[in-house]
2 protein chains.
Amino acid sequence: MAIDTTPSALTPLSPILEAAQECFVEQGYHGTSIRVIAARAGLSVPGLYHHYRSKQQMLQDLMKHAMTSLYRQSEDALAAAASDPLAQFNALVGCLVRFHAFERAPAFIAYSEIRSLDEEARREHIARRDAQQRLMDQVIEAGVAAGEFSTPHPTEASRAIVTMCTSVAQWYRMDGPLTPDELVDRYLVIARMTIGARG
Amino acid sequence: MAIDTTPSALTPLSPILEAAQECFVEQGYHGTSIRVIAARAGLSVPGLYHHYRSKQQMLQDLMKHAMTSLYRQSEDALAAAASDPLAQFNALVGCLVRFHAFERAPAFIAYSEIRSLDEEARREHIARRDAQQRLMDQVIEAGVAAGEFSTPHPTEASRAIVTMCTSVAQWYRMDGPLTPDELVDRYLVIARMTIGARG
DNA sequence: CTCTTCCGACCGAGCGATCGCTCGGTTTAG
DNA sequence: CTAAACCGAGCGATCGCTCGGTCGGAAGAG
């Protein structure tokens, strides 16, 4: 039985959503017309509307897919790691960095197009973002409670670490000087220093 | 002689640019029509075009104003601080956090609308961003060379610190649980741990 | 097997609305 | 009287989206 070992592999997107994702990354939601999405997907405009109700729905599907993928991967990483705070922390930071390095496009959209979402979808998206943040909050809290992490400001350190990891999607290039593994290693070292992990 | 002691005070924007800034923050550049900018500024559309050549020029003026303000404030903060690496680092991190807390709107636009800039303006903007990043790189390098900072990955730590500070513009609320001074204090502690400052 | 029916996938054309921007003025301050 | 500041109206282009189809292959009837 073949197992997919690709790091951070997401369930695949439809060709249409793939095209929309590329356009949204390059031009933004409002800067992208459905005509260029259709052209990039090799379809006519009505052909596109046969599969999706609106441009807004494509954005919502993309954002939901990205956030639920990240959350599920985070849960899996935490479940697979040892239960001590440092192992949990390493697993979560590694997962975050890997996701934002390998899945730059969905990750970039997930935090740059929040304001383009309809009100209800925006509420749902923010709830998912908060849940993701809470994972880090809890791991750090546990580490501080166990005396493993020495940061005097766990809440702000948690926010700082999550934002430094999510920002990876903005600048990391696969063909740059750092391989993904090197990137993860270095960010693990940096993040451990940020929360004052023992040792 | 009255001295303006407001932290991070920028040279004031014209009412038109102020209106454009608010619109760009709320709806994004492509999501904002010149008609709503004009309405927010209390002008007609031609009245607006009497002062600015195009919507694109308003964006360019805003981005340039934000980046040059941040850079000048950073230079001032570094010049006013003691010359030892830790004092320089504290000055620069404090300046970054303060700017992104007090000047959320310009800071937010400066990194969220890069792709909306014309090619030449985008090149200039990225050059300014790189220069800003280099300030942090140099301060951290000096600290590592002097044995004051112990991070094994100065380049990535510099990027991590700059991104955690700039991300403040995304989430900080003046009416939230942290005053600006508390925020700066905590981020200084966190940033010093991130680069492994002595003591 | 052929014929008919049906349905999902798709498209050319174009609707009404809005876009960035401008023309040809009038108003206002000095 | 000049010039800067401003505006009503509207240009051509493009926007998101839809109407009224065509087309090919699966399914059912004989």
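In what follows, chains carry the letters A, B, and so on, assigned in the order in which the sequence lines appear, proteins first and then strands, with residues in each chain numbered from 1. Note that the coordinates shown come from a computational prediction; the quantities given were computed from them, not determined experimentally.
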Sugar-phosphate means primed atoms, P, OP1 and OP2; the rest is base. With that split, encode nucleotides 25-30 of chain C 5' to 3' as B, S or - using protein heavy atoms under 4.0 Å. ------

Would you say the ring centroid of Phe89(A) lies under 6.0 angstrom from that of Phe149(A)? yes

Counting side-chain heavy atoms from C-beta on, which of dT18(D), dT22(C), dC11(C) comes nearest to Leu43(A)? dC11(C)

Side-chain donor-acceptor pair under 3.5 Å between Gln60(A) and Tyr52(A), yes or no? no

Is Ser44(A) close enough to dC10(C) that one of its side-chain N or O atoms is under 4.0 Å from OP1 or OP2 there? no

Would you kindly give the OH-to-P distance between Tyr29(B) and dC19(C), to the nearest whole Å? 13 Å

Note: Val168(B) and Val97(B) closest approach over all heavy atoms is CG1-O, 4.4 Å

Please state whether the phosphate of dT18(C), meaning OP1 or OP2, lies under 4.0 angstrom from any side-chain nitrogen or oxygen of Ser33(B). no

With salt bridge (charged side-chain N to carboxylate O under 4.0 Å, His left out) as the criterion, how do Glu124(B) and Arg128(B) come out once you've worked through the C-alpha distance, each side chain's angles and the decisive distance to 0.1 Å? CA-CA 6 Å; Glu124(B) 290 176 12; Arg128(B) 279 189 267 268; 3.6 Å; yes

Between residues 47-59 of chain B and DNA chain D, which residues have a heavy-atom gap below 4.0 Å? Gly47(B), His50(B), His51(B)

Kindly give the heavy-atom pair with the smallest separation between Ser158(A) and Met136(A), and that separation in Å. OG-CG, 3.3 Å

If you only use heavy atoms from C-beta on, which nucleotide in dT22(C), dC15(D), dG20(C) is closest to the side chain of Pro46(B)? dT22(C)

Taking all non-hydrogen atoms of both residues, which atom of Gln21(A) and which atom of Ile109(A) are closest, and how far apart? O-CD1, 3.5 Å

